[in-house]
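Here the structure comes first, spelled out in structure tokens, and everything after it is commentary.
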Amino acid sequence: MKSLRLFFFVLGGILAFQFAFAQLSLPGTPTGSAGTGNTNWNIALEPRAPGPGEDVTAKAVSYVINLNTADITWYVNGQSKLRGKGATAFSFKTPGSGQSMTLRVVIDSAEFGVLEDTIEISPADVDMLWVARTYTPPFYRGKALPSSESIVTVTAIPHIFDSAGKAVSVGNTMFTWKKAYRTIPSASGAGKDSFSYEAHFTHNEDAISVAVSSRDGSSSRETTVQNRVVEPSIVFYENRALEGVRYEQAVGNEYRITGNEVRLSAEPYFFSFDGKNVNPGKYEWWLDGKLINVSAARKSEATFGKPEGGSGRAKVELSVSNPATFIQQSKKSVLISF
Amino acid sequence: MNKKRFIIIIVVILLLALGFFIAAYLISGKSGGTGGNGGEDKGGLFDNFYPFGRPADSPDGSKGGEDGKTGTIPGTGPGTGGDQNILGEAPFNPLVQLSTVPTSGAFIFERSGKTYVQYAERATGHVYEVSLDNFGQQRLSKTTVPGIHEALWTNAGKTILYRYLRDDQETIATFAMVAPSASTGTSTFPAPAEGEDGSAELMGVFLEDDILDVVISHDSKSAFYTKKERTTDKLFGYAGTLANGAAKKVFEHSFTEWLPVAFDGTRAWLQSKASQGVPGYLYVLNISSGAFTKVLGGVNGLTALPSPDGKKILYSESTRGALKTFLYNTDKKESKEFPVATLPEKCAWGKKSDVLYCAAPATILTATYPDHWYMGITLFTDNIWEIAVKDFAEDPLVSINMTGLGKNTDIVRPMLSADELRMIFINKKDSTLWLYRQR
């Protein structure tokens with residue numbers, strides 16, 4: 001009997017200790033200091049891990065203190081924002097990416113006197129940038145867009161902070177990649193900040209997600225990009241003997257030869273080519289419906305001379321296809337007058 | 001009135017008119033200068049029919065003058081003997097054509113208290129210098145390098161970067177050359193070798209091939225450029241004066257579409273290459289510490305132009321065929337809509353970051369921006385806006401003054417003079433070089 005009493009005494013002690021310990025944690029703290037470690041109440045954030053510029057509600061929660069009768073004051077960066085009896089909830093917007101704010105709450109209760117706690121909030125964020133391995137001309141300042149079956153590499157730049165408010169390095173960040181909302185385990189892990197995939201068919205979108213978190217789990221964020229797949233396209237430019245290719249102004253649907261000839265350079269935008277001439281692409285040039293030969297080394301160029309005497313018009317067409325893919329192809333035509 | 005009398009009256013009127021034109025021609029030929037060194041322009045009343053200057057004398061673009069080395073583009077500039085009106089006054093024209101041939105780039109600078117412009121001819125690579133006092137032109141180099149796509153002045157104007165495509169029409173070559181000096185008798189830099197006609201031969205070094213993008217610092221003393229390494233599939237950034245090709249690797253990233261958009265010698269602003277509807281990002285790199293900090297993000301089709309002090313960002317957003325422009329304050333972390341919709345790279349900041357000269361399209365048609373503009377599929381017809389930026393708390397944010405150009409001009413690469421009263425730019429439609437000036 002004595003040993004049974006001793007058993008229950010020890011068991012009760014253990015349970016009481018665990019109950020007391022549980023009150024010290026502050027669920028929903030994304031980062032920063034953990035407060036003064038009071039055991040009677042805590043601050044809970046909704047959402048638990050907010051991003052930058054996000055609407056958040058902070059709640060003072062207690063199973064011991066009657067907060068409905070307590071005077072509660074909320075401070076943001078030292079400035080009083082809300083004060084009132086029973087003001088247990090406070091809504092605010094988190095700062096921008098890379099910034100932090102201090103949230104402090106002071107509770108004046110009849111039973112326990114003045115209690116206060118402070119948490120540092122540094123919203124977690126992750127930027128997703130992607131590069132499609134498709135062709136764009138030299139000096140082109142715009143973005144290469146993904147066409148069907150092209151390879152796209154997504155790079156995540158995380159902005160997350162540990163519980164001490166210090167930025168977490170890429171090497172210490174856990175990345176979990178998803179395509180079409182399915183996790184890709186082989187691409188995921190610590191420091192794995194990039195992921196490559198093959199683009200869907202044209203006019204569809206690829207949903208690529210990444211969840212980033214610190215190793216201790218104190219900060220996390222997930223975001224998704226929808227990458228639209230486009231059709232590759234051909235744009236003609238005039239290639240002048242001394243000036244080179246005039247990328248500044250594309251040749252439209254009609255072109256008038258002012259000299260004796262015109263050399264057209266065809267740029268195959270967004271095909272899965274490394275270059276416009278050295279590639280597996282099949283180029284077919286047509287003049288008024290007849291297939292014409294061009295140099296194999298310069299298959300993206302064709303020169304058209306003005307016939308002696310007379311005037312008229314001729315239709316030039318180019319068809320480009322990529323046999324390494326199913327549906328990467330495009331056609332372009334221009335009506336040349338002379 | 002009978003028929004015979006009517007005919008006599010008509011003949012008399014015609015003779016009087018003919019006499020008037022002959023007299024005007026003879027009178028104006030005796031007065032006014034050519035504004036240059038031996039130009040052939042007789043000037044006079046007839047030049048008022050060419051308010052923006054006559055085309056060049058020869059198809060290959062050689063300048064006026066016997067040897068093509070010196071002279072004035074006929075009809076350009078004020079007081080060139082051609083702009084005077086019938087009362088002998090020279091009407092002020094804010095727009096002056098500095099080159100009639102396609103150019104690859106230009107540089108406006110001061111020397112001995114006077115303002116000059118140097119530019120490179122696209123077809124030949126020849127460098128010319130124009131005095132903005134009298135618009136006299138001087139050719140500084142003779143060596144021909146055809147097909148210069150881009151010419152950039154760095155190292156305080158002492159180094160010119162020539163960027164062009166190699167024979168395969170795909171590999172970008174970059175040549176950092178010693179800028180040829182004008183025949184002033186003074187040179188603060190080792191003088192390049194002299195050619196047969198006294199103009200300078202080109203001297204310099206080649207940088208690595210396939211340098212993707214280059215941005216020159218606001219003070220023109222240094223440059224930042226990016227290059228993709230094929231073996232590692234990473235993007236690297238380099239910074240330096242580029243005199244003799246000097247540059248140091250200062251940046252490395254796994255995302256390979258960073259576009260440098262501004263550089264102040266210690267910080268480089270990198271923007272993700274833009275496409276309509278695709279979220280874009282702007283980061284700033286501290287060259288010394290390596291810190292890479294986000295400035296703006298998640299803006300569809302983002303293109304940006306930071307101010308020289310880095311505290312304001314002019315940026316554009318494009319979605320669903322529309323283009324909007326905003327001004328972002330980096331201290332207050334807030335944006336306000338800009339009164340003029342344009343692409344920020346068509347603007348130039350004043351050095352105190354309190355004024356912008358912007359070329360803005362008179363009409364923005366529905367198109368895919370900025371993609372179609374970069375591809376040359378869509379071109380603009382611009383007006384020039386002078387926009388003084390007030391304190392961010394004030395409303396309105398800016399005071400504006402607009403000048404219609406009256407010419408089909410799509411402005412690129414604007415650059416202000418030191419006194420910020422003049423701006424040079426290239427017309428994207430024909431790559432000719434122009435000067436915009438205030439009285």
Practice item. Would you tell me whether R141(A) and T303(B) have side-chain atoms, one donor and one acceptor, within less than 3.5 Å of each other? Key: no
**Study point:** Exam field: side chain Q249(A) to backbone K428(B), donor-acceptor pair closer than 3.5 Å
**Key:** no
Check your understanding: Side chain, backbone, both or neither: which part of E301(A) has a heavy atom under 4.5 Å from chain B?
Key -> side chain
**Study point:** Region of Y281(B) in contact with chain A, defined by heavy-atom distances below 4.5 Å
**Key:** side chain
Review point. Which class fits the ring pair H149(B) and Y247(A): parallel under 30°, tilted 30 to 60°, perpendicular over 60°?
Key: perpendicular
Revision key, fill the gap. When rounded to the nearest 0.5 Å, the distance separating OG of S233(A) from CD1 of I377(B) is 6.5 Å
**Study point:** Contact origin within Y164(B) toward chain A - heavy atom pairs under 4.5 Å
**Key:** backbone
Exercise for review: Starting from the C-alpha separation in whole Å, work towards a yes-or-no answer on side chain to side chain contact (heavy atoms under 4.5 Å, CB included) for F255(B) and M128(A).
Suggested key: CA-CA 10 Å; F255(B) 176 67; M128(A) 289 178 74; over 6 Å; no
Exercise for review: Could you check if a side-chain atom of W258(B) sits within less than 4.5 angstrom of a side-chain atom of L129(A), using non-hydrogen atoms only?
Suggested key: yes
Point to revise | A144(A), part contacting chain B, at a heavy-atom distance under 4.5 Å | key: both
**Study point:** Electrostatic pair D125(A)-K294(B), nearest N-O below 4.0 angstrom
**Key:** yes
Review point. Would one find more than 12 heavy atoms of other residues, nucleotides or ligands at under 6.0 Å from atom CD of Q226(A)?
Key: yes
Practice item. Provide the closest heavy-atom pair for N277(A) versus D168(B) in the form atom of the first, atom of the second, distance. Key: ND2-O, 4.1 Å
Practice item. List the atom of E243(A), the atom of R122(B), and the distance in Å for their closest heavy-atom pair. Key: O-NE, 3.2 Å
Review point. What's the spacing between T136(A) OG1 and E257(B) CD if we round to 0.5 Å?
Key: 7.0 Å
Study note, to complete from the structure: chain A shares the most heavy-atom pairs under 4.5 Å, among P279(B), G298(B), S275(B), with S275(B)
Review point. Can you say whether R246(A) sits under 4.5 Å from chain B via the side chain, the backbone, both, or neither, judging by heavy atoms?
Key: both
Check your understanding: Should the heavy atoms of other residues, nucleotides or ligands under 6.0 Å from CZ of R228(A) be counted, would the total exceed 12?
Key -> no
Practice item. Would you please classify the geometry between the Y140(A) ring and the Y374(B) ring as parallel, tilted or perpendicular, with 30° and 60° separating the classes? Key: perpendicular
**Study point:** Interchain contact, D410(B) with chain A, by part (heavy-atom threshold 4.5 Å)
**Key:** neither
Study note, to complete from the structure: Okay, V278(B) and chain A: the region with an atom under 4.5 Å from a heavy atom over there is side chain
Practice item. For the pair E248(A) (side chain) and S431(B) (backbone), establish whether a donor and an acceptor sit closer than 3.5 Å, ignoring hydrogens and angles. Key: no
Practice item. Mark yes when over 12 heavy atoms from residues, nucleotides or ligands other than N260(A) sit less than 6.0 Å from its CG; otherwise mark no. Key: no
Check your understanding: Is it the side chain or the backbone of P102(B) that comes within 4.5 Å of chain A heavy atoms, both, or neither?
Key -> side chain
**Study point:** Proximal component of E345(B), with respect to chain A [non-hydrogen, under 4.5 Å]
**Key:** side chain
Point to revise | Rounded distance (nearest 0.5 Å) linking atom CG of L235(B) with atom OG1 of T155(A) | key: 11.0 Å
Check your understanding: Y283(B) versus D127(A): any side-chain heavy-atom pair under 4.5 Å?
Key -> yes
Check your understanding: Should Q169(B) and K276(A) count as side-chain neighbours, where that means a heavy-atom distance under 4.5 Å?
Key -> yes
Practice item. Indicate the atoms forming the closest heavy-atom contact of E170(B) with V278(A), along with that distance. Key: OE2-N, 4.1 Å
Review point. So which part of D430(B) gets closer than 4.5 Å to some heavy atom of chain A, the side chain, the backbone, both or neither?
Key: backbone
Check your understanding: By a 4.5 Å heavy-atom criterion (distance strictly below it), what part of H372(B) contacts chain A: side chain, backbone, both, or neither?
Key -> neither
Exercise for review: Using non-hydrogen atoms and a 4.5 Å limit, figure out which bit of L259(B) sits close to chain A: side chain, backbone, both or neither.
Suggested key: side chain
Exercise for review: Let me know if V245(A) has heavy atoms under 4.5 Å from chain B in its side chain, its backbone, both or neither.
Suggested key: both
Practice item. Go through the atoms of D193(A) and report whether side chain, backbone, both or neither lie under 4.5 Å from a heavy atom of chain B. Key: side chain
Check your understanding: Quick one: are I157(A) and H253(B) in side-chain contact, heavy atoms under 4.5 Å?
Key -> yes
Revision key, fill the gap. With chain A, the option among P146(B), G125(B), P370(B) that has the most non-hydrogen atom pairs under 4.5 Å is P146(B)
